[in-house]
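Notes for the one structure printed next.
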Amino acid sequence: MHVTRRSLLKSVSAAAALMACGTSRALAGQAWDMIVVGAGTAGIPAALFGAQNGARVLLLEKAAQVGGTLWFSGGQMSAAGTRRQAALSIDDSPERHLADILRISRGTADPALVRRAVTQAGPTLDWLDSAGFEFGPEFPLDATGHEPYSRRRIWGGTQRGYSVLKVLERELATARAKPVLVTRFDVTDLLIGSGGTVTGVRGVDESGKIQQFHAPRVVLASGGYMANPQMFAELNGRPQYRAAGWPANTGIGVTLALAAGGYTRGSQNYLCDFGSIPAELDLPSPEYARSIHHPQRRMPWEIYVNRLGQRFIREDDESIDTRERALSQQDDHRYWVVFDEPTLSAAPTLVRSAPPGEVRDWTRDELRAAFDEAPAFVRADSIEELATRAGIDPAGLLGTIRQFNDAVRNGSDSWGRRYMPRPVDTPPYYAIRHQGGTLISVAGVAVDESLRVVRPGGAPIPGLYAIGELLGNGSLSGQAFCSGMMVTPALSLGRWLGMTLSKRA
Ligand SMILES: Cc1cc2nc3c(=O)[nH]c(=O)nc-3n(C[C@H](O)[C@H](O)[C@H](O)COP(=O)(O)OP(=O)(O)OC[C@H]3O[C@@H](n4cnc5c(N)ncnc54)[C@H](O)[C@@H]3O)c2cc1C
C-alpha cells in the first residue's frame with residue numbers, strides 16, 4: 001500500500017487512542033523508576049523494555065501522538081547477524097558492520113558507540129520481525145543512495161518509517177507491562193539535585209499547568225533539532241539548508257543536557273547529501289524532487305557546476321561519498337545541473353519525485369512542465385541569460401561549457417570524465433538548482449558507551465541518559481551517510497537502555 005503524509009497523519013489520532021495514557025495531574029506525586037522524554041523511535045523501545053522488565057516508567061510526549069520522525073522517515077535499518085540474513089545464507093556479523101562503518105566514515109564515527117549500536121541491531125531487528133514487522137520485498141539491500149556496505153544488511157518495511165511505528169504502537173498497546181504515556185506534555189527543564197544529580201523533569205501539560213515528576217533515571221529521547229534552524233546553525237557552524245523532520249523536535253534534549261553540564265560534539269563531521277532539488281529558493285527548504293545522479297543507474301549527459309560556473313566533480317564518478325565530499329567543499333553546498341534541448345529530448349529520465357509521496361521517475365513531459373512551475377528549474381535561450389537567471393556567474397559558465405564541448409569533440413576531459421554523449425550547444429538551455437543538505441542533526445549530545453550524558457572531562461552526569469538523533473549523526477556515522485544508521489541505533493540503543501536501566505531499578 002502506498003502511504004502519503006496526509007493519510008499517515010489522518011490515522012494518527014486513532015493510533016494514539018490505543019496507548020496506555022495517563023493525565024499528568026493524576027500522576028503527580030507517583031514514584032517512577034525511569035522517565036523517558038519523547039515517545040518516538042528511541043523513546044518508545046526504551047520505555048517499553050523498561051516497563052516489561054519491571055520498572056515503573058513514565059513516557060512524556062510533547063505532541064498529541066507518538067511516533068515522532070517515524071511519520072516521515074524512510075525507516076531503513078541496518079542490522080547484521082539477523083535471523084533473516086541467516087535464512088538467506090548471508091554471512092554477516094556486528095564486527096563486519098562496525099568495520100564497514102569505520103571504512104565508510106574513514107574512521108570518524110565513534111567506535112565505542114557504534115559497537116554498542118551494531119551489537120544490539122541484530123537482536124532488535126529479530127524482535128521487530130517476531131512482532132510482525134512487514135518487510136518490503138526488495139530487502140535486504142547493500143546500498144540505498146549512500147556508499148554501499150559489504151553485505152546486504154539494510155532492511156525496510158512496506159510503508160517506510162510507518163512500518164516501524166505500527167509495530168511500536170502495537171507493542172505499546174498490547175504489552176503485559178506498559179509504560180504510562182502522557183501526550184501533550186512539553187518537558188522544559190530537568191530537576192537537578194545536590195552534586196548535579198538529575199532527579200526528574202519539569203514541564204507544561206496540555207492545560208498549561210506546570211508539573212514535575214521525579215525519577216532517579218531520566219532518559220532524553222526527544223529527537224534532534226531539525227525544527228530549530230537557529231540551533232542547527234549554532235551547533236554545526238553552518239546554516240540549515242533542508243527543512244525536514246518532525247516539527248516538535250526543536251532540540252530540547254540538547255538544551256537540557258547542556259544545562260546539566262553536558263556538551264555537544266560531532267559538528268566537524270558535517271557532510272551534505274547530493275541530488276536534492278529544493279522546493280523554494282529561501283532556505284531551509286523542503287525537498288521538491290531528486291535527480292538521478294548515480295552512474296550505476298543513469299549515466300550523466302549533463303554537467304554539474306557551482307555558483308562560479310565551474311565544474312567540481314567528474315560527473316560519472318561512481319562513488320556517492322566522493323560526490324558528497326566534493327559538494328561539501330562548494331559555496332553554500334549548491335550546484336546546478338546544466339544541459340541543452342537535445343539532451344532533454346533524448347536522455348533517459350533525469351529527475352524522480354521525492355518521499356514522503358510516491359517515489360517514481362518523472363516523465364519527460366513532467367520535467368518540461370517543471371521549468372514553467374518550480375523555482376529551482378530555469379530555462380533560457382542563451383547561456384548568459386541562463387546563468388544570470390539561475391544565479392551562476394555567466395562568464396564562468398560560458399568558459400566551462402566551451403571547455404566541456406571541446407572535451408566532447410576531442411574525447412578527452414580534464415576531469416577524466418569518460419561518458420560524454422553530446423556537447424551543450426543547442427538552445428533552449430536548462431539549469432536545475434540543487435541544494436546539498438542533511439535530513440538529520442549532525443552534532444549531538446556527548447554520551448559514554450553506557451549512554452550516560454557526560455561532562456567535557458568525561459565524567460557522567462548522575463541520572464541522565466540520552467538516545468536517538470540527540471546523539472547526532474556525527475557520532476553514529478561520522479563524516480558520512482551510513483545507511484540505516486539512525487533508525488536502527490535509535491531503536492536498539494533505546495531497547496538496550498530500557499532493559500539495562502530496569503535491571504538497576
Ligand atoms: C525524511 C527523513 C527520512 C529519514 N530516513 C531515514 C532512514 O531511512 N534510515 C535511517 O536510519 N534514518 C532516517 N532518518 C533519520 C531517522 O528517522 C531519525 O534520526 C530517527 O527516527 C530519530 O529518532 P528519535 O527517537 O531520536 O526522534 P523522534 O522519533 O523524532 O522522537 C522524538 C520524540 O520526542 C518528542 N519531543 C520533542 N520535544 C519534546 C519535549 N520538549 N517534551 C516531550 N517530548 C518531546 C517528539 O515529539 C518526538 O515524538 C530520516 C529522517 C528524515 C527526516
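Whatever order the structure lists ligands and atoms in, that order sets their numbers, starting from 1. Worth saying up front: this structure is predicted, and the values here are computed from it rather than measured.
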Exercise. Does Trp496 have Arg116 sitting over its ring (NZ/CZ under 6.0 Å from centre, angle to axis within 45°)?
Worked result: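 Ring-cation test returns yes.
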Problem set entry | Donor-acceptor pair, side chain of Ser502 and main chain of Gly498, under 3.5 angstrom | yes
Problem set entry | Carboxylate-amine/guanidinium proximity below 4.0 Å for Asp100 and Arg153 |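 Counted as a salt bridge, because a side-chain N and a carboxylate O are separated by less than 4.0 Å.
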For this session: Write out all pairs satisfying ring-ring contact (aromatic ring centres under 6.0 Å, His included) with one or both partners inside residues 116-147, taking only residues at least two apart or from two chains.
Result: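 Listed once each, the pairs are Phe49-Trp127, Phe133-Phe135, Phe135-Trp155, His146-Phe481.
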Problem set entry | Residues in side chain to side chain donor-acceptor pair (under 3.5 Å) contact with Thr174, at least two apart in sequence or another chain |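 By the side chain to side chain donor-acceptor pair (under 3.5 Å) rule, Thr174 matches no residue at all.
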For this session: State which residues pass side-chain contact (heavy atoms from CB on, under 4.5 Å) with Arg265; sequence neighbours excluded, sorted by chain then number.
Result: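 Asp110, Leu113, Tyr263, Ala446, Val447, Ser475.
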Output block, N or O contacts of ligand 1, threshold 3.5 Å exclusive:
residue  : atom   : partner : partner atom : Å
ligand 1 : 5 (N)  : Ser73   : OG           : 3.3
ligand 1 : 5 (N)  : Gly74   : N            : 2.9
ligand 1 : 8 (O)  : Gly75   : N            : 3.3
ligand 1 : 8 (O)  : Gln76   : N            : 3.0
ligand 1 : 9 (N)  : Gln76   : O            : 2.9
ligand 1 : 11 (O) : Gln76   : O            : 3.3
ligand 1 : 11 (O) : Met486  : N            : 2.9
ligand 1 : 11 (O) : Val487  : N            : 2.8
ligand 1 : 17 (O) : Ser73   : OG           : 2.8
ligand 1 : 19 (O) : Glu469  : OE1          : 2.6
ligand 1 : 21 (O) : Thr41   : OG1          : 2.8
ligand 1 : 23 (O) : Thr41   : OG1          : 3.1
ligand 1 : 25 (O) : Thr41   : N            : 3.3
ligand 1 : 25 (O) : Ala42   : N            : 2.8
ligand 1 : 26 (O) : Glu469  : N            : 2.7
ligand 1 : 29 (O) : Thr41   : N            : 3.0
ligand 1 : 29 (O) : Thr41   : OG1          : 2.6
ligand 1 : 29 (O) : Thr69   : N            : 3.3
ligand 1 : 30 (O) : Thr69   : N            : 2.9
ligand 1 : 30 (O) : Thr69   : OG1          : 2.5
ligand 1 : 30 (O) : Asn249  : ND2          : 2.8
ligand 1 : 41 (N) : Asp186  : OD1          : 3.0
ligand 1 : 41 (N) : Val187  : O            : 3.0
ligand 1 : 42 (N) : Val187  : N            : 3.1
ligand 1 : 44 (N) : Lys62   : N            : 3.1
ligand 1 : 47 (O) : Glu61   : OE2          : 2.5
ligand 1 : 47 (O) : Trp246  : NE1          : 2.8
ligand 1 : 49 (O) : Glu61   : OE1          : 2.6
ligand 1 : 49 (O) : Glu61   : OE2          : 3.3

